[in-house]
2 protein chains.
Amino acid sequence: MAESLTMKGAANSPDADIGNLVCSSPVTTAPLAESEATELARILAALADPVRLRLLSIVASSPEVCSCALEGPLAKSQPTISHHTKVLADAGIITGEKRGKWTWWHANPDRIAAIRKALGG
Amino acid sequence: MAESLTMKGAANSPDADIGNLVCSSPVTTAPLAESEATELARILAALADPVRLRLLSIVASSPEVCSCALEGPLAKSQPTISHHTKVLADAGIITGEKRGKWTWWHANPDRIAAIRKALGG
DNA sequence: TAAACATATCGACGTGTGTCGATGCTACCA
DNA sequence: TGGTAGCATCGACACACGTCGATATGTTTA
């Protein structure tokens, strides 16, 4: 069977419109509410790490990537890779699917687009 | 006189094309080089704070905003506001202009657009 | 069932960061 | 010239975060 590993916690609001997935209006348009700022900061913090940015760029460049294919290019230990994939998944930026022994990761373009939109896109 | 307070350090590359101000190609397109990932992470880290996001949203919503007009809405001490404006300015996201006693801040839309572009825009 | 493999979790360590009081510096005003 | 206002810097503190070895969990294979 395939089990889905996605974001959890406050980020997992099922009724959120895909356009306003992160903020109701862009940062450049109107003063942000405190709750929106906290939520957007949480998601941006998930991206604000060189290892995670490279991890995302590798995952987003392929349909899906196995965890074991990340350890080499990123030159980090297995627990560290697992930690970073979890952070990105909790932020909803990537999603992991467990098939057999392996976990396959793929990017969530909609969420990334929502982040861009929150930044004034 | 008016003195300009902008970003400094590696971010201040005068010959950088405005389109590729942050990365040569979007995170979603191709694996990121280590240097590009480090630089983009530094800029995203400047945004990944709720106080700074609200600060930016206030500054970006007006042509320019005085430092003294930030202390109230953000409910932080004067040294803390000064710290956050410096972080955003070092990342090139806002620019400060000192006129008389006051420092006036305004957003840098080009840089914010470059960040969006680095995120796949 | 036992062994091997992929991944997640735990615990610990060093480092980075947000915060603020105290202080310093510059510009304006009486 | 003395006083005040706006802002930057310094020093210190608490907390969060990236990292990895050790260990646990679950899956495949012999």
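Chain letters run A, B, ... following the sequence lines, proteins first and then strands; every chain starts at 1.
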Interatomic distance, [X] [atom1] vs [N] [atom2] [rounded to whole Å]:
{"X": "B:Trp105", "N": "D:dA8", "atom1": "CH2", "atom2": "C1'", "value": "10 Å"}
{"X": "A:Lys98", "N": "C:dT7", "atom1": "NZ", "atom2": "P", "value": "9 Å"}
{"X": "A:Leu70", "N": "C:dA6", "atom1": "CG", "atom2": "P", "value": "14 Å"}
{"X": "A:Arg42", "N": "C:dT17", "atom1": "CZ", "atom2": "C1'", "value": "19 Å"}
{"X": "B:Lys101", "N": "D:dG6", "atom1": "NZ", "atom2": "P", "value": "5 Å"}
{"X": "A:Glu71", "N": "D:dT19", "atom1": "CD", "atom2": "P", "value": "13 Å"}
{"X": "A:Ile81", "N": "D:dG21", "atom1": "CD1", "atom2": "C1'", "value": "16 Å"}
{"X": "B:Glu97", "N": "D:dG6", "atom1": "CD", "atom2": "C1'", "value": "16 Å"}

> What side-chain hydrogen bond (donor to acceptor under 3.5 Å, both in side chains) pairs are there with at least one residue in residues 56-69 of chain A, not counting sequence neighbours?
Replying inline: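 As it turns out, the side-chain hydrogen bond (donor to acceptor under 3.5 Å, both in side chains) pairs with a partner in residues 56-69 of chain A, which skip direct neighbours, are A:Glu64-A:Arg99, A:Ser67-A:Trp105.
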When you compare the protein's N or O atoms with those of nucleotides 19-21 of chain C, which come within less than 3.5 Å of each other, and at what distance?
unit_1: C:dT19; atom_1: OP1; unit_2: B:Lys76; atom_2: NZ; d: 3.2
unit_1: C:dT19; atom_1: OP2; unit_2: B:His84; atom_2: NE2; d: 2.3
unit_1: C:dC20; atom_1: OP2; unit_2: B:Ser77; atom_2: N; d: 3.2
unit_1: C:dC20; atom_1: OP2; unit_2: B:Ser77; atom_2: OG; d: 3.2
unit_1: C:dC20; atom_1: OP2; unit_2: B:Thr80; atom_2: OG1; d: 2.7

> Of the nucleotides D:dG18, C:dA8, C:dT9, which one has an atom closest to the side chain of A:Lys86?
Replying inline: C:dT9
>> So if I take every side-chain heavy atom of B:Thr85 and compare against D:dA5, D:dA8, C:dT7, which nucleotide ends up nearest?
In response: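 The answer is D:dA8, which lies nearest to the side chain.
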>> Would a single hydrophobic cluster contain both A:Leu56 and A:Val65, if residues Ile, Leu, Val, Met, Phe, Trp and Tyr are joined by side-chain heavy-atom contacts under 4.5 Å?
In response: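 Both belong to a single hydrophobic cluster.
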>> Would you say B:Thr80 and B:Ser77 are linked by a side-chain donor-acceptor pair, where the criterion is simply a distance under 3.5 Å?
In response: yes
>> Under a 3.5 Å threshold, yes or no: a donor from one side chain and an acceptor from the other, between A:Glu97 and A:Thr103?
In response: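 On atom types as modelled, these side chains do not qualify, holding no pair under 3.5 Å.
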> Given C:dG18, is OP1 or OP2 found less than 4.0 Å from the side-chain N or O atoms of B:Arg52?
Replying inline: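 Indeed, a polar side-chain atom of B:Arg52 lies that close.
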> Of the non-hydrogen atoms in A:Leu32 and B:Leu53, which two are nearest, and what is the gap between them?
Replying inline: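 Taking every non-hydrogen atom into account, CD2-CB, 4.2 Å.
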> For A:Glu71, which residues count as a salt bridge (charged side-chain N to carboxylate O under 4.0 Å, His left out) partner, sequence neighbours excluded?
Replying inline: none
>> In the structure I gave you, are the side-chain heavy atoms of A:Leu47 and B:Leu40 within less than 4.5 Å of one another anywhere?
In response: no
> With sugar-phosphate meaning primed atoms plus P, OP1 and OP2, does A:Ser67 contact a base, only sugar-phosphate, or nothing at under 4.0 Å between heavy atoms?
Replying inline: sugar-phosphate
> Closest nucleotide of DNA chain D for A:Val87 versus for A:Trp102: which of these residues is on the 5' side?
Replying inline: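 Upstream on the strand: A:Val87.
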